[in-house]
Amino acid sequence: MRGLVVVVGDTLLDRDVEGVVNRLCPDSPVPVLDETAAADRPGGAGLAAVFAAAQGAEVVLVTALADDAGGARLSALLAAAGVQVYPLTLSGATPEKVRLRARGRVLLRHDRGGVPGEPGQPSDEVLRVIGAASAVLVSDYGRGVARQPALRAALAATRAPVVWDPHPRGPAAVPGVHLATPNESEVRELVPTLPGASRLATASRGAQGLRRRWRAGAVAVTLGGDGALLCHAGSTPLVVPTPGSAEGDTCGAGDRFAASASLALAQGALVSEAVQAAVADASAYVAGGGVAAALPPPVKSAPTGVVGLGGDRVGVAAVATLLADVRAAGGTVVATGGCFDLLHAGHVATLQAARQLGDCLIVCLNSDASVAGLKGPDRPVMSEGDRARLLAALSCVDAVMIFDESTPEAALSWLRPDIWVKGGDYASGGGDAAALPEAEVLRRWDGHTVVVPYLDGRSTTDMIARSGQGHATGACCATGDPTERARIAVPSSVTPGGERTR
């Protein structure tokens, strides 16, 4: 598939808890669920983005992520699904929806996260990518992203087809969207119904009312197992039935419908053709087992903390607390990353130089699995827990976050550091920031990548070889940052973009 698909909206963290019920609670007549398995997944706009990416599209998700463990988990899940996250800040907590299930049926849904937080301002890069899209899907879950004024202005100005999946608590669609995709219950909340009217008449009246109110090109009302009803300007409604009866878990079917319609419009389909493709795809999704069967395998959760020395400064929880405190004070967040296998004086010099660039330093540390995948089964020499404890014991390090991926993109999308520090090898002398692997990611929120020079003569690989513990090749850091070599801490010589002054 060609062309960029941009999804804009609120992302939630969904969790399915599967279990068995074989008794009642002794102090209340309610069933007791014995948990047997649990799986996390992105919800809301995040789920729609994952669906689009799974169908081969290049997908950018513009969403708000909170500085908490839920935000970090979402960032990891989205990166694993191939979604490029362009994050906005989010005050408050990550919204979470927990479904308690037994034998494939939902017993209870537990929502947490509280009152919706306020999303931050989009960067110039976010506004640019919306203008460059082949199609845009607004997946509104009523938590504020679709209300953001600068985003709404960019959505109204784009020439790409816009699909708007509304929410009763959300704002009106921007004028001129190609297609709005409310479900039946949303239409009844948004447009008053006539007493005694039939189901199709209610859907048709609601669709035409929304189309005129929002000045939309078309409105498709999804009808569950009965397909969809499409209304254009001045035309007889088009009823699109499902290809066959399908029973199953319908969670996410609306997101699948909206994502499929967006992909079809991105490829040049007519609105009627896009709706027909979306009905067929959503029906197949439900028949095939729903969200549990459609998503990629879950990724490992990031460690929330490490018990022992440095435990209060290691893990997502510690990093989240630090981020909240520094940002509340208007401070500058600095981050760096690497394997830090066999910590030596060169590492310390680099970390000290990085810490002087802001108000806190967060180290993104490759997990054992990440290091082994990059450097072979003989590495790392020290476990992630030991490496994290040693780093956290340094006075120049404020917190350590362990990441399991081969690159720190997911961690960076959650952290949103103001400055990302790289090793001096990447200073080309010409200030070519585009050559730095993380520069494109940092631009998503107007962050900067800088380089600190290094001092030759120290290398983790050489240390291992001299000790007779084996041979390792390649850069020490998953991101290409050669933390094997010692760098000189010369903050005055650091310039944004990687250029070194003499």
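Note that the structure is predicted; figures quoted are calculated from it, not measured.
- Here CG of L442 is found 4.0 Å from OG1 of T449. Values are rounded to the nearest 0.5 Å.
- Between T242 and G227 the shortest heavy-atom distance is CG2-N, 3.4 Å.
- Judged by distance alone, the side chain of Q148 and the main-chain N or O of V145 form no donor-acceptor pair under 3.5 Å.
- With contacts defined as side-chain heavy-atom distances shorter than 4.5 Å, the pair L229/L200 qualifies.
- R199 CZ: more than 12 foreign heavy atoms inside a 6.0 Å radius.
- Side-chain atoms of S370 come within 3.5 Å of backbone N or O of E405 as a donor-acceptor pair.
- With hydrogens and angles ignored, the 3.5 Å screen pairs a side-chain donor or acceptor of W445 with a backbone N or O of P417.
- Residue S413 holds its OG atom at 8.5 Å from CG of L78, rounded to the nearest 0.5 Å.
- With contacts defined as side-chain heavy-atom distances shorter than 4.5 Å, the pair C251/R41 qualifies.
- Atom CG of L412 and atom OG1 of T407 lie 8.0 Å apart (nearest 0.5 Å).
- Side-chain atoms of L100 and H110, non-hydrogen and from C-beta on, never get closer than 4.5 Å to each other.
- Contacts of D140 classified as side chain to side chain donor-acceptor pair (under 3.5 Å), with partners at least two apart in sequence or in another chain: none.
- Heavy-atom minimum distance, V286 versus A253: CG2-CB, 4.0 Å.
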- Query: Can L357 and T332 be said to form a side-chain contact (heavy atoms from CB on, under 4.5 Å), step by step?
  - Reply: CA-CA 8 Å; L357 300 176; T332 297; over 6 Å; no
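- Electrostatic pairing of K97 and D111 does not count as a salt bridge here, judged by no charged N lying under 4.0 Å from a carboxylate O.
- Side-chain contact check for H448 versus D418: every heavy-atom pair is 4.5 Å or farther apart.
- Under the 3.5 Å distance criterion, with hydrogens and angles disregarded, no donor-acceptor pair is assigned to the side chains of E409 and Q84.
- Of the N and O atoms on the side chains of S139 and D165, not one donor lies less than 3.5 Å from an acceptor on the other residue.
- One distance of note links CD1 of I362 with CE of M401; it measures 9.0 Å at 0.5 Å rounding.
- If you take CG on L365 and SG on C339, they are separated by 7.5 Å, rounding to the nearest 0.5 Å.
- Remark: side-chain polar atoms of R152 are paired, donor with acceptor, to backbone N or O of A146 under 3.5 angstrom.
- In the model, T94 has a side-chain atom that pairs as donor or acceptor with a side-chain atom of D68 under 3.5 Å.
- Using a 4.5 Å heavy-atom threshold, the side chains of P116 and P95 count as separate.
- Of the charged side-chain nitrogens involved, none lies within less than 4.0 Å of a carboxylate oxygen, so that R443 and E440 do not count as a salt-bridged pair.
- Remark: D67 pairs with R327, R416 by the salt bridge (Lys or Arg N to Asp or Glu O under 4.0 Å) rule, at least two apart or across chains.
- Residue pairs satisfying the salt bridge (charged side-chain N to carboxylate O under 4.0 Å, His left out) criterion with at least one member in residues 363-372, sequence neighbours excluded, are listed as follows: D368-R387.
- For Q276, the side chain to side chain contact (heavy atoms under 4.5 Å, CB included) test picks out V240, S272, with sequence neighbours left out.
- With 3.5 Å as the limit, one finds a donor-acceptor pair spanning the side chains of T63 and T11.
- Residues P241 and V279 share a closest heavy-atom pair of O-CG1, 3.5 Å.
- The two residues C364 and W420 have their closest heavy-atom pair at SG-CZ3, 4.0 Å.
- Under the side chain to side chain contact (heavy atoms under 4.5 Å, CB included) criterion, S262 pairs with L137, V163, sequence neighbours left out.
- Looking only at distances, a side-chain donor or acceptor of T336 sits under 3.5 Å from a matching main-chain atom of V421.
- Residues R143 and L90 have side chains not in contact (no heavy-atom distance under 4.5 Å, counting atoms from C-beta outward).
- Between the R444 side chain and the V85 main chain, a donor and an acceptor come within less than 3.5 Å of each other.
- The aromatic rings of Y285 and F51 sit perpendicular to each other, their planes meeting at more than 60°, with 30° as the lower class boundary.
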- Task: Show the numbers, then the answer: is there a side-chain contact (heavy atoms from CB on, under 4.5 Å) between Q55 and R256?
- Result: CA-CA 11 Å; Q55 296 184 58; R256 187 61 173 256; 3.7 Å; yes
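- Partner E18 forms a salt bridge (charged side-chain N to carboxylate O under 4.0 Å, His left out) with one of R105, R99, R103, R101 and no other, that one being R101.
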- Step by step, work out the side-chain contact (heavy atoms from CB on, under 4.5 Å) result for L415 and V333. CA-CA 9 Å; L415 291 173; V333 176; 5.8 Å; no
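- Distance check: L151 CG to L88 CG gives 6.0 Å after rounding to the nearest 0.5 Å.
- Between L127 and P122 the shortest heavy-atom distance is CD2-CG, 3.8 Å.
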- Can Y86 and V6 be said to form a side-chain contact (heavy atoms from CB on, under 4.5 Å), step by step? CA-CA 10 Å; Y86 282 56; V6 177; over 6 Å; no
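- Residues R15 and E96 are not paired through a salt bridge, judged by the lack of any N-O separation under 4.0 Å between the basic side chain and the carboxylate.
- Under the 4.5 Å side-chain criterion, counting only non-hydrogen atoms from C-beta, L263 is not in contact with S260.
- Of all non-hydrogen atoms in L13 and L77, the two that sit nearest each other are CD1-CD1, 4.0 Å.
- Remark: P161 engages A135, H178, L265 in a side chain to side chain contact (heavy atoms under 4.5 Å, CB included) (not counting sequence neighbours).
- Taking 4.5 Å as the limit, every side-chain heavy atom of W164 sits out of range of all side-chain heavy atoms of L210.
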